[in-house]
Amino acid sequence: MYYLQDLEKCIVEILDVIADTEHHLLNISCELLVRDCLDIIQQGEKLSKFQDHVEQLVSFFLSLDQLVVHKGKTWPLERLARPLVEQSLPAIMFVKVRERIAGGKLRNLQKNGYLPEHWRHDLLDATATSVLCDLTAANHHVSFLCAALGGSDQEDQICFLSAETVHKVLGSIVKDLASALLASTFEWARLAYSLLLPSEPEHLKLPEENSLPINFETALFAFKVLQGSFFSLGRLEEDSVFPSILASLFVIEWECSMSLAIDDESDLEGHIKGMDVGSSMSRSSKDYLDEKMHLKANLAESIHAFCQSLSPSFWNNLPSCTLNRLANILAQSVRYSVFQTRDLHVEKTAVLCSEWVVEMLKLICLDDINLQSFFDLLLSEGEYWPLWLKPCLQNGHASVKVQLEPAITDDIELKHERFVAFVDRLILNLGFSEVILGVPGNLRCATSQSIDITSPMSSLSRAWVAGEILCTWTWKGGSALETFLPSLVQYMKEESCLEVSIVSLLLDTLLGGTLMHESGPWVLFNAWHLSDNEIGKIQDRFLRALVALLFTTNTKNCLWRESDALVFFEQLLSNLFKGSTVNIKCLKVLPFVMSTIIKPLPQKLNEDSPYGDLVRKSILSWLEAAISCLSSSPREVPVQDIEDWMQVALSCFPLSITGGAQRLVVTVEREISDAEISLMLTLFQKYQFFYNGAASSLSTSETVIPRTVELLGVKLTAVMVGYCWTKLQENDWHFVFRMVFKCIESSALLVEEMTDGINDAVINQVSSEDALEKLKLMVSTTDKLTLSLAESSLVTLCHLKHLGNLQEVETAKSLQLIRSGDYAESTNKMVESILRLFLASGVSEAIAKSFGEEASSIIGSSHRAYLHFWELVASFINNASPEIRRSALESMELWGLTKGSVSGLYSILFSPQPIFHLQFAAFSLLLSEPFCQLSLLKDSSLRENCSSAQQSDISQSAELMPDSEKTLCLRDELSALVEFPTSELLKTDLTERDRIDVFIAWALLLSHLQSLPSSSIIREHVLQYIQEKVSPCILDCIFQHIPVKSAAPSGKKKDAELLPEAEAAAKASKNAIVTRSLLPYVESLSPVGTLQMSSLAGSLYGMMIRLLPSFVRTWFTTLRDRSLSYSIESFTRQWCSPPLLLDEFSQVKDSVYADENFSVSVNRSAYEIVATYKKEETGIDLVIRLPNCYPLRHVDVECTRSLGISEVKCRKWLLSLTSFVRNQNGAIAEAIRTWKSNFDKEFEGVEECPICYSILHTSNHSLPRLACKTCRHKFHGACLYKWFSTSNKSTCPLCQTPF
């Protein structure tokens, strides 16, 4: 022990010397010593050899006293003694007393003065208040306060401070915690501050820049005190401050999460600049940003961990008044955050705030009553919400008030949208029943099947919230149809047993709102293509919400109970008449409603159904009303009545148009009675009289039939052909064809006139802005009614086409009438008009595209406004006969426009505003006669229908051209995509527009190649173009869509499981090889997704290895990745090579070479082809062996027998065949045929090219024609060009004479 005493003395002497010379070192040494002493004291008995450590400390301080203090020096007292006393003794003292109280008996405690009240003193209260309110925050202050307050856990009930002091502590804590919100840049956080501290001034400003860290340090200090004495403070639950403390914990954490959600610094800086803050704040935002966020994040993280540590029993035991006050503050804070946040996107704000509510509700566990109160407060009406429906009490019952014309500014609309997005997200997270009906998820199973909706506090009284969301319709991140109604449907499926349906209340509310507004004409509503998109076009928000609700719950999901349907239908009928007067507003709404409820009726209209019986009687009465309105003379007809009642009547006879553009089918949606058929026939005949009377009035300049009534007549025609075609007479059919032809021809003329106008606008432009404005004007002023008339007529024509294919005996007379000469000719004329219309629309876009992408987008977007019309147009394109196509093409060429029909088809195919039905129609037309002759090459002089002499001249002239000019050019629209830089394409998304266009361009090019005969000159030049101009790296892009590494078998497992993309690609590649067609995969591309793109990629690969084996092999042999190379080879061997080899062998076997000296045999099992050539007394057998992964690996050629042929010539012929087979982009049979021709030329005495030692060039099959003027040797043009390029000189390869 003596050495320890010597060490103590030595340390004391060193410190004493430092105190005289180095004050900085003394401070550091003393701070370290104090920290170690405190650590020992705080650990206490938990520390190993604690008593020994204490004795050593005592000995050290005694040495200090003897050696330093007794000499009159004070630094040990100031630097060591005072800090130790301040930081440890009070806390330790309270801890020891608390332990004595907890372990002692009450009588002894009273006797010895150990009860808590014995320790309470004004000086202690004043010290605690001073430490919390006046002194700077420090850890020893926290220890002191926590020791005095107690309450570190639920068992600690000892507090040494008075109740008044504890109340002051609570007030100080909430103020210090809330100070963190004052430092926020969010306006809602400062508004929340006023909720936590309502006595503070309402006008709050941001603190000065330098005080921001202090705010967070103060808040952190207050939180540590709260954390260490929470259960002591919580005993004063009745204190109004305690709910504010609890609320502040949530709000601080929420504010931090929103700050962190602002993704990058620029967003936050922009937010700060937008605030009304001092200039110093704006100038130094970057300086404090990182420090502020760090302090804020630390505080929020500590708060989150603390809140999660609180047990459910704590929240359950809180008094009702505390919970109510807490919920009130939190609900209002959430509302502030939703309404006032401007710097986050609407969707992100909604997601964030809804997550706050969800987490908060999970934590505090509100009971059913408090939960409903919370949602009532959260969703209560205010300045910005709601706008369309407001809750009210009527005779003590919950009711809804419709807002007719709310005053809406941009600010109100934005904040309303934010709140709707938040409520929608909340419903997605918590469920429809919990948010709208107030039924917690864990209580659903115990919910009564009967809900009292008459109570003012009824959960169904929040049905107005659902109605408000439906009326809002769309918001950022969601919409009524995409997010809200699916939640409602899910609820209806789960809670179908409830006696009172929320849907009934919604329908009642929305119908009432609809009848208070004017509705547009139903005739312009596309009820036959009833869809989310069509419903979205309804202008009146109440009618749109009503139709959407009916469509979703009744038409799509059939969730309506018949009793509910009957009640709603009776209510509808009761609104239709006001006494004996028709309610015009209800009459206009009625067809919209019937369009949505009539389709599911066949399931409900049984003989004993009161609902079905009422609907049937109503339909008959409406038909009679429509008939009574029609008269033979337009002057005697109240036109508005005709329109209104015909709309109602037609809405009861829906048609369904399904199957897509390629297999479009029009079907009737319900069976109708004989009485309905009779009335429909009468209505049709009355309309014919009415229409003919209006047409005859043109000559006398009288009022003609309104366009809307004409459109109703066209729709009536379609309905008659759909429902009553077997009952129509010859005069009826004449009227049908006349109406349909007129409407279709009118639409064709309209589009052609628009094309002519676009052509003039581009040619005669004053400036680019002027031309764009003209294009926008033409698009915006398009006659929509003409296109609507044509659309309904196309529906009729589609059904007529279907009837023309029927073979029913019972209706032979009607069918024979439809197929008769005049009507058949009329049908052909209509199809030609449709084709003219289609071509004109494409030419419009092509002309606009030549002006720029913006102009092209303007024209392309105009098509998207009439999607169903263009879908119907596309359905007739592919079935048009070659004669009709040729006639339409010739008609377009007569115009003399700046762009032709083929350019128009390419513009549709690669439109910046693509419509897939039109794209596929254009794709098909480009491959069909007569367009295929114009759609591939620029040089229109090369045609497949040229004479042999012309083709020979073309071939000779092409041979004499330089190679750089000899290759024929593809059309610019095609070559630009086929030659698209693959390095850029590889970086694009797998479903990006550029990638899709490139794949479609390749599908078109390969389809052209497939259709060209093997002997075609055009085919040879296209193959040469691909070989020389196109990078085979396009296959890298193709295999981005085919996960081959998962598709390749590994180990002993024969059939590896394929990913869906790999499986789709494998099947597509195999089918493309077998069927030799890519059309099915282009057709199935929509809607574009990764699976569809994989199928297209697989089909392209299959067609490439079939038509371009050398091209694919070149790419495959350059692959550096061994694993990828092996996977691709395995994929090809398993899926592509078997059908390809089978096809190759079949072609070789079926080939006719017309030469008794040449024969070919096939050995499929050995993958061999044997070619035998005999000439007089010579002969040779050459065996071509194909690999099982053909065409990725090279074909081997071997000479198995030769007779009368020198070894040199045998080797030469062997190499020649090998070269032809390996370089052939086509079938093996074609390579063998070319090799035989090469032999024949040799025996005919034609000299071989001295460069390649072949008579026919292995790639372009040309003869050596370019002769040296000196040595007279002839060379292939391609060989000579390659020689000049590689040798860097232009001399003859043999005699070196300049060429």
Side-chain angles (χ1 to χ4, degrees), residues 186 188-189 191-192 247 249-263 300 303-304 307-308 326-366 370-382 384-386 414-442 444 459 462 464-466 468-470 472-488 490-491:
F186 296 112
W188 72 265
L191 292 171
L249 298 179
F250 288 99
V251 176
I252 290 172
E253 185 182 348
W254 293 350
E255 194 277 342
C256 180
S257 67
M258 181 169 283
S259 297
L260 295 175
I262 297 182
D263 296 321
I303 289 175
H304 179 77
C307 290
Q308 294 297 320
L326 172 63
N328 190 306
I329 295 174
L330 294 180
Q332 196 61 47
S333 298
V334 172
R335 287 171 64 91
Y336 283 154
S337 64
V338 175
F339 286 130
Q340 302 300 333
T341 301
R342 296 170 297 177
D343 309 279
L344 285 178
H345 294 300
V346 173
E347 183 178 4
K348 186 176 286 188
T349 304
V351 170
L352 200 60
C353 293
S354 64
E355 288 175 353
W356 298 348
V357 174
V358 171
E359 291 299 320
M360 181 268 294
L361 291 177
K362 284 182 181 178
L363 200 62
I364 65 177
C365 305
L366 294 174
N370 286 326
L371 182 65
Q372 284 201 49
S373 299
F374 172 78
F375 279 119
D376 283 338
L377 181 61
L378 182 66
L379 303 176
S380 61
E381 60 180 303
Y384 312 110
W385 153 276
L414 175 61
K415 291 178 178 179
H416 178 268
E417 180 190 359
R418 286 181 172 275
F419 199 76
V420 171
F422 160 69
V423 177
D424 179 54
R425 182 62 57 173
L426 203 58
I427 292 171
L428 289 175
N429 289 338
L430 293 175
F432 184 90
S433 60
E434 188 159 338
V435 178
I436 302 299
L437 304 180
V439 181
N442 58 350
R444 284 181 193 166
S459 58
R462 281 204 300 272
W464 64 269
V465 175
E468 179 73 12
I469 295 175
L470 285 172
T472 306
W473 192 248
T474 59
W475 50 89
K476 297 290 178 60
S479 69
L481 287 167
E482 293 174 1
T483 54
F484 177 74
L485 282 173
S487 300
L488 173 59
Q490 184 65 29
Y491 160 75

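Basis for what follows: all heavy atoms, side chains included, without hydrogens, waters or symmetry-related copies.
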Does the side chain of [Y] come within less than 4.5 Å of [X]'s, by heavy atoms?
X: I436; Y: F375; result: no
X: L361; Y: F374; result: yes
X: W254; Y: F186; result: no
X: L481; Y: T474; result: no
X: L378; Y: L426; result: yes
X: K415; Y: Q340; result: yes
X: M258; Y: D343; result: no
X: T483; Y: W475; result: yes

Reported [atom1]-to-[atom2] distance for the pair [X] and [Y], which is rounded to 0.5 angstrom:
X: L377; Y: R335; atom1: CG; atom2: CZ; result: 7.0 Å
X: Q332; Y: L191; atom1: CD; atom2: CG; result: 9.0 Å
X: I364; Y: N370; atom1: CD1; atom2: CG; result: 8.5 Å
X: S333; Y: M360; atom1: OG; atom2: CE; result: 9.5 Å
X: E434; Y: Q372; atom1: CD; atom2: CD; result: 10.5 Å

Any idea which heavy atoms bring [X] and [Y] closest together, and the distance?
X: V435; Y: L379; result: O-CD1, 4.0 Å
X: C353; Y: V334; result: CB-CG1, 4.5 Å
X: L470; Y: A480; result: CD2-CB, 3.9 Å
X: E468; Y: H416; result: OE2-NE2, 2.7 Å
X: S487; Y: L428; result: OG-CD2, 3.4 Å
X: I303; Y: E253; result: CG2-OE1, 4.4 Å

Legend entry - W356 and S257: side chain donor to acceptor below 3.5 Å: yes
Inset, instruction - If the plane angle is over 60° it's perpendicular, under 30° parallel, otherwise tilted; pick one for F432 and F484. - result: tilted
Inset, instruction - Measure from the side-chain N and O atoms of R425 to the backbone N and O of G478, and report whether any donor-acceptor pair falls under 3.5 Å. - result: no
Legend entry - Sole candidate of D424, N429, T349 that passes side-chain hydrogen bond (donor to acceptor under 3.5 Å, both in side chains) when paired with S354: N429
Legend entry - Reference residue W385; test ring-ring contact (aromatic ring centres under 6.0 Å, His included); the match among F339, W464, F422: W464
Legend entry - Intermediate values then yes/no, side chain to side chain contact (heavy atoms under 4.5 Å, CB included), D376 and R462: CA-CA 8 Å; D376 283 338; R462 281 204 300 272; 2.6 Å; yes
